[in-house]
Amino acid sequence: MAAEAFDVMVVGSCMTDLVSQAPRLPKAGETIHGHKFFIGFGGKGANQCIQAARLGAKAVMVGKVGKDFFGENYIQNFKDHSIHTEFVGQTSDAATGAASIIVNDAGENAIVIVAGANMLLGREELQDAVPALSHAKVLVCQLEISPTTSLQALRMACENGVKTIFNPAPAIPDLDPDFYRLSHVFCCNEPEAELLTGSSVASMEDACRAGRQLLSRGSQSVIITLGPQGCVVLKAQESSSHHVPASAATAVDTTGAGDSFIGALAFYMAHYPTMPLEEMARRANHVAGVSVQAVGTQTSYPFKKDLPAELF
């Protein structure tokens, strides 16, 4: 096992998505009719891993699911994408994580997650994965598992000279300062940046200001994604910030677009380590822009063959 080298390791969550499509999001106490329901694969960690794999990354997932129907299906989903599953454990102590998602006709969503088995991923599982981690090029972490577990994974990666991407989602206001120091790329969206900085992020200037504040906490670089406006990229060794615009796309369903961006970013960091971060972000913008044009989360993620050759 120790000899096997991976492009991308993701330590994170697996969620079963229970998706309802409706004309609009219901108000509190209101029941409305939807027009479609489906069950899909989600969870920020797994989403990011699937997108990286669809672009051609040799990927490995470290996660935990329940010993249930959803858990079995999830492991098969990874195998169908040629993702290494030795470190996806199953437990009888909790159900596979689930997310209830409502998507309106404008492509906006409201989501409730029940983490379940994801919260049982801990130190023991990380120790088992150290030989694989030490041979990976990029590690990706988020906050849909125990923050302690994510922090430990980032620490192990840095100790082994592995590049790290940290996505503080769902955001928590009292984030351990070490998360910043252990992130080669600290990547969040506007609401997450607002929660972490305590300042409104309503414009490009706000995003650059928030990015500088996050950068000052010790990350090597910060990316704040801005949906249809693209993203801003800030680097510790440069005083200026870079706005990377996104190409125009008609959004059908934005669920999982941020994860598509991060999975793509992980692929580019692993495959093109000398490429400027702004260029990686531009290409990841394009990949995420394709994902919002189809319904579903992972089902909307493009494969390498679906994308222009110039992205590779």
- Query: Checking Glu192 side chain against Asn189 main chain: does a donor-acceptor pair fall under 3.5 Å?
  - Reply: yes
- Task: Measure the spacing between OG1 of Thr91 and CG of Leu120 and express it to the nearest 0.5 Å.
- Result: 5.5 Å
- Query: For Phe87, does its backbone N or O pair with a side-chain atom of Asp128 as donor and acceptor, under 3.5 Å?
  - Reply: no
- Message: Rounded at 0.5 Å granularity, tell me how far CG in Asn167 sits from SG in Cys141.
- Response: 10.0 Å
- Measure from the ring center of Tyr74 to the ring center of Phe70 and say whether it is less than 6.0 Å. no
- Item | Residue pair Ile223 / Leu265, side-chain heavy-atom distance below 4.5 Å | yes
- Message: Are the side chains of Cys158 and Arg181 in contact, using a 4.5 Å heavy-atom criterion?
- Response: no
- Query: Under a 4.5 Å side-chain heavy-atom rule over Ile, Leu, Val, Met, Phe, Trp and Tyr, are Ile262 and Val60 clustered together?
  - Reply: no
- Minimum heavy-atom separation for Ala153 to Leu126, with atom names? N-CD1, 3.7 Å
- To the nearest 0.5 angstrom, please state how far the CD1 atom of Ile145 sits from the CG atom of Leu121. 5.0 Å
- Using modelled atom types only, decide if a donor and an acceptor are shared between the side chain of Ser203 and the backbone of Asp206 within a distance under 3.5 Å. yes
- Message: Looking at Asp178, is its backbone amide N or carbonyl O close enough to the side chain of Asp176 to form a donor-acceptor pair, meaning the two atoms are under 3.5 Å apart?
- Response: yes
- Once you round to the nearest 0.5 Å, how far does CD1 of Ile111 lie from OG of Ser100? 10.0 Å
- Quick one: closest heavy-atom pair of Val252 and Ala294, and the distance? CB-N, 4.3 Å
- Message: Please determine whether the number of non-hydrogen atoms from other residues, nucleotides or ligands lying under 6.0 Å from atom CD of Glu124 exceeds 12.
- Response: no
- Answer yes or no: is there an ion pair linking Lys58 with Asp7, defined by an N-O contact shorter than 4.0 Å? no
- Item | Among Phe186, Phe179, Tyr180, side chain to side chain contact (heavy atoms under 4.5 Å, CB included) partner for Pro168 | Phe186
- Query: Rounded to the nearest 0.5 Å, what separation is found between the CG atom of Leu175 and the CG atom of Leu196?
  - Reply: 6.0 Å
- Item | Asp105 with Arg24: basic N within carboxylate O range, under 4.0 Å | no
- Message: Check for me whether the distance between the ring centres of Phe6 and His135 falls short of 6.0 Å.
- Response: no
- Any Leu277 side-chain heavy atom under 4.5 Å of Met280 side chain: yes
- Salt bridge or not for Arg283 and Glu279, using N-O below 4.0 Å? yes
- Query: Donor-acceptor pair, Asn160 side chain versus Met156 backbone, under 3.5 Å?
  - Reply: yes
- Message: When you measure from the side chain of Thr197 to the backbone of Ala193, do you find a donor-acceptor pair of N or O atoms at a distance under 3.5 Å?
- Response: yes
- Is it the case that one hydrophobic cluster holds both Ile172 and Met15, taking links as side-chain heavy atoms less than 4.5 Å apart, direct or via other members? no
- Message: Would you say CZ of Phe69 has more than 12 non-hydrogen atoms from neighbouring residues, nucleotides or ligands within 6.0 angstrom?
- Response: no
- Task: Answer yes or no: is there a donor N or O on one side and an acceptor on the other, between the side chain of Glu144 and the main chain of Ser13, under 3.5 Å?
- Result: no
- Residue pair Ser219 / Ala236: nearest heavy atoms and the distance that separates them: O-CB, 3.9 Å
- Would Val114 end up clustered with Phe41 when hydrophobic side chains under 4.5 Å apart are linked, directly or stepwise? no
- Is there side-chain contact between Leu143 and Phe166, with at least one heavy-atom pair below 4.5 Å? yes
- Going through the checks in order, is the side-chain contact (heavy atoms from CB on, under 4.5 Å) test met by Leu133 and Leu139? CA-CA 8 Å; Leu133 173 59; Leu139 171 80; 4.1 Å; yes
- Task: Taking the side chain as every heavy atom from C-beta outward, state whether Val295 and Gln21 have any pair of such atoms under 4.5 Å apart.
- Result: yes
- Message: Tell me if the NE2 atom of His35 is crowded by more than 12 foreign heavy atoms within 6.0 Å.
- Response: yes
- Does Met275 belong to the same Ile/Leu/Val/Met/Phe/Trp/Tyr cluster as Val162, with side-chain heavy atoms less than 4.5 Å apart forming each link? no
- side chain to side chain donor-acceptor pair (under 3.5 Å) contacts in which one or both residues fall within residues 221-231, not counting sequence neighbours: none
- Query: Just checking, any donor-acceptor pair under 3.5 angstrom between side chains of Asp259 and Gln48?
  - Reply: yes
- Task: Taking all heavy atoms of Ala210 and all of Val201, pick out the closest pair and write down the distance.
- Result: CB-CG2, 4.0 Å
- Is the shortest heavy-atom distance from the side chain of Thr164 to the side chain of Leu182 under 4.5 Å? no
- Task: Test side chain to side chain donor-acceptor pair (under 3.5 Å) on Gln298 and Asn47 and set out the steps.
- Result: CA-CA 6 Å; Gln298 292 176 17; Asn47 290 347; 3.0 Å; yes
- Message: If you count heavy atoms of other groups shown closer than 6.0 angstrom to NZ of Lys163, is the number above 12?
- Response: no
- Are any side-chain N or O atoms of Glu194 and backbone N or O atoms of Pro191, one a donor and one an acceptor, separated by less than 3.5 Å? no
- Query: If every non-hydrogen atom of Asn285 is compared with every non-hydrogen atom of Pro245, which pair is closest and at what distance?
  - Reply: ND2-O, 3.4 Å
- Message: For a quick test of reading the model, state the closest non-hydrogen atom pair linking Ile113 to Ala99 and the distance between them.
- Response: CG2-CB, 3.8 Å
- Any luck finding a side-chain donor-acceptor pair between Ser260 and Gln51 under 3.5 Å? yes
- Decide side-chain contact (heavy atoms from CB on, under 4.5 Å) for Lys64 and Asn118; before the verdict, give the C-alpha distance in whole Å, the side-chain angles of both, and the deciding distance to 0.1 Å. CA-CA 5 Å; Lys64 186 150 275 198; Asn118 290 296; 5.8 Å; no
- Task: Any chance you could lay out the salt bridge (charged side-chain N to carboxylate O under 4.0 Å, His left out) test for Lys67 and Glu72, step after step, and finish with the verdict?
- Result: CA-CA 7 Å; Lys67 275 191 181 163; Glu72 297 287 349; over 6 Å; no
- Query: Taking side chain as C-beta onward, heavy atoms only, is Gln293 less than 4.5 Å from Ser300?
  - Reply: no
- Message: If you apply the rule side-chain contact (heavy atoms from CB on, under 4.5 Å), what do you find for Gln142 with Ser150, and how did you get there?
- Response: CA-CA 7 Å; Gln142 332 70 28; Ser150 287; 5.5 Å; no
- Query: Is the closest side-chain heavy-atom distance between Asp253 and Val292 below 4.5 Å?
  - Reply: no
- Pairwise distance CE(Met61) to NE2(His81) - rounded to 0.5 angstrom: 13.0 Å
- Item | Check: Thr96 main-chain N/O paired with Asp68 side-chain donor or acceptor under 3.5 Å | yes
- Kindly assign one of parallel, tilted or perpendicular to the pair Phe312 and Phe267, based on the angle between their ring planes and the thresholds 30° and 60°. perpendicular
- Item | Under 3.5 Å donor-acceptor, Ser241 side chain and Cys208 backbone | no
